[in-house]
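Below is one structure, written out as structure tokens; comments come after it.
One-based numbering along the sequence shown. For the numbers below, each heavy atom of this structure counts, side chains included, while hydrogens, waters and symmetry mates do not.
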Amino acid sequence: RVQLVRLYSRRVQLVRLSMGLEACQSAVFRACHFYHSAAGRLVAKRPAASLVASLVVTLLLTACMLLGSWEARLEYRDTLSRSEAFKLFDATLDMFGGSPRTNEYKMSSSDGSNVLTKQAILKALEVDEAVLGLTYKGTRFEDVCLRPYLGGACTVDSAMYRLGLGHEEVEALSQEELDSKLLAEYNSNAGGLGSLLGGLTLTDGKLSATSLRFRYLGEPSGQGRPSFVEFVTGTSNDALASATLEWESAFLALVCARPLMSSGIECATDSLSLGEGLSVTGTAQRFIQDEIAANATTSTKWMVVSINLILVLMWLALGGRPLRNSRLTLGTGAVAVILLSVGAGLGFSSLVGVPLTEISLLMVFVIVGVGVDDVIVVVDFLQRQPPHLSIVERISGALGGAGPAIQLTSLTNLIAFLIAATVDFPGVSYFCLSAGFTLFALFLLTTTLFTALLTFDERRRGAMRLDCLCCIGFGAGDSETGD
């Protein structure tokens with residue numbers, strides 16, 4: 001009997017607890033319903049003011065992207081930020097600055113033949129002289145090069161430099177003397193030559209290689225996180241960094257890596273007449289940075305395709321007789337609202353110090369999907385409202401019905417992304433923070449900016465004016481209700 005009483009007491013407690021939770025849930029939904037009904041009524045009464053206010057705030061937040069930064073450094077994006085190795089790397093970089101900028105070119109034989117001939121080496125040294133004399137927009141290599149000490153020579157590395165041989169010295173040597181010097185250097189420092197001579201082999205006491213490597217070290221610059229504007233435009237406010245980027249662009253054109261339009265700089269393979277079987281290829285520090293920037297924008301065309309596809313699907317989902325009771329203009333406005341929410345979310349992220357990465361751009365697909373879902377839900381609730389009600393009451397009822405679900409899902413998404421932002425991978429953390437802010441901005445714009453557009457569209461339908469051509473009316477017999 002005592003056990004039955006205890007079980008009954010526990011059951012009563014569970015029932016009371018469940019009833020209390022149910023009461024709390026009902027209170028939350030009633031509060032959300034009341035808030036969104038009031039907000040919908042307010043927006044429907046003054047759609048123009050709501051539209052202008054929402055646009056002003058959104059555009060101001062979007063403009064904050066100009067204050068943001070872009071994180072493209074792999075160490076600061078994909079490394080565990082709490083690891084001891086990263087802390088040591090960060091402290092060293094902060095104390096001593098970044099590593100030298102590496103620019104290099106290689107002269108190779110396409111058929112695998114030996115390039116340690118006197119003729120090939122002279123051609124390689126001609127390219128070297130062209131690099132050292134390269135001037136673009138007033139910037140020379142000696143203006144941006146790394147010097148081991150103040151007033152010292154620029155740091156250049158190659159097998160010929162290690163042997164102390166320039167163009168004139170090689171010209172004065174015979175092939176046998178040149179082979180002898182290379183062999184002596186190889187015997188004393190085989191590992192050193194191996195990093196500067198590709199395909200190095202020793203056969204019957206004679207060295208041969210298939211590639212010559214020349215390296216040019218630049219002064220460390222551009223090691224910090226660039227601003228969003230600097231990353232997009234490929235420029236820098238740092239004078240040394242800007243000059244370095246300009247010279248490296250010219251260097252890439254000279255070594256046949258990437259043409260530089262309207263510069264007059266030709267590929268060394270053609271301009272120096274290297275001859276058959278010899279070619280020049282090279283790379284520069286900015287080449288890698290530019291590739292990262294290009295990878296950040298390669299998905300743009302797919303974003304455009306997906307947005308257009310979703311726009312078509314939205315038009316079909318919103319329904320209505322074409323150009324009569326359709327909502328093509330509203331669907332276009334809905335896509336604009338979604339894209340504005342992305343700008344506002346990224347702008348707010350920049351405002352609070354969250355850098356952008358190429359991963360951040362992938363959230364557009366997520367935001368577009370969630371935004372279209374919210375739009376369809378609001379319009380569906382509107383179509384369920386009694387037709388005899390005024391536009392204000394129908395908008396209020398639609399937002400009061402759809403608003404709580406949109407608000408609670410947006411809130412849970414925000415919480416989920418904020419929790420995920422605590423991971424130790426900075427790139428993932430930045431993405432989650434930006435996505436959470438953008439989803440919440442989408443919710444706010446759906447209940448304000450989109451609701452104002454929906455009110456205007458309802459007024460257009462009530463005045464029996466054509467969709468997309470709202471200045472042209474149509475007769476009552478042409479409308480769906482007239483039919």
Between [X] and [Y], is any pair of side-chain heavy atoms under 4.5 Å apart?
| X | Y | value |
| --- | --- | --- |
| Arg394 | Glu458 | yes |
| Leu433 | Val352 | no |
| Leu442 | Thr438 | no |
| Arg327 | Asp457 | yes |
| Val354 | Ser434 | yes |
| Val127 | Tyr105 | yes |
| Cys256 | Thr281 | no |
| Arg140 | Leu134 | no |

**Message:** Within the supplied structure, the quantity of interest is the number of heavy atoms (other residues, nucleotides, ligands) at a distance under 6.0 Å from Tyr161 OH; does it exceed 12?
**Reply:** yes
**Request:** Give a yes or no on whether Arg147 atom CZ has more than 12 heavy-atom contacts from other residues, nucleotides or ligands under 6.0 Å away.
**Result:** yes
**Asked** With under 30° as parallel and over 60° as perpendicular, where do the rings of Phe251 and Trp247 fit, or are they tilted in between?
**Response** parallel
Quick one: does [X]'s side chain have a donor or acceptor within less than 3.5 Å of a partner on [Y]'s backbone?
| X | Y | result |
| --- | --- | --- |
| Arg213 | Ser195 | yes |
| Arg286 | Leu245 | yes |
| Ser429 | Ala421 | yes |
| Ser396 | Ser37 | yes |
| Thr139 | Thr135 | no |
| Thr451 | Thr446 | yes |

**Fill in**
Which of Thr447, Val370, Val378 passes side chain to side chain contact (heavy atoms under 4.5 Å, CB included) with Ile406? Answer is Val378
**Message:** I need the single residue from Val379, Val372, Asp374 that forms a side chain to side chain contact (heavy atoms under 4.5 Å, CB included) with Ile376. Which is it?
**Reply:** Val372
**Message:** If I take atom CZ from residue Phe287 and atom CG from residue Leu252, how far apart are they, to the nearest 0.5 angstrom?
**Reply:** 6.0 Å
**Prompt:** At what distance, to the nearest 0.5 angstrom, does OG of Ser158 lie from CG of Asp128?
**Reply:** 6.5 Å
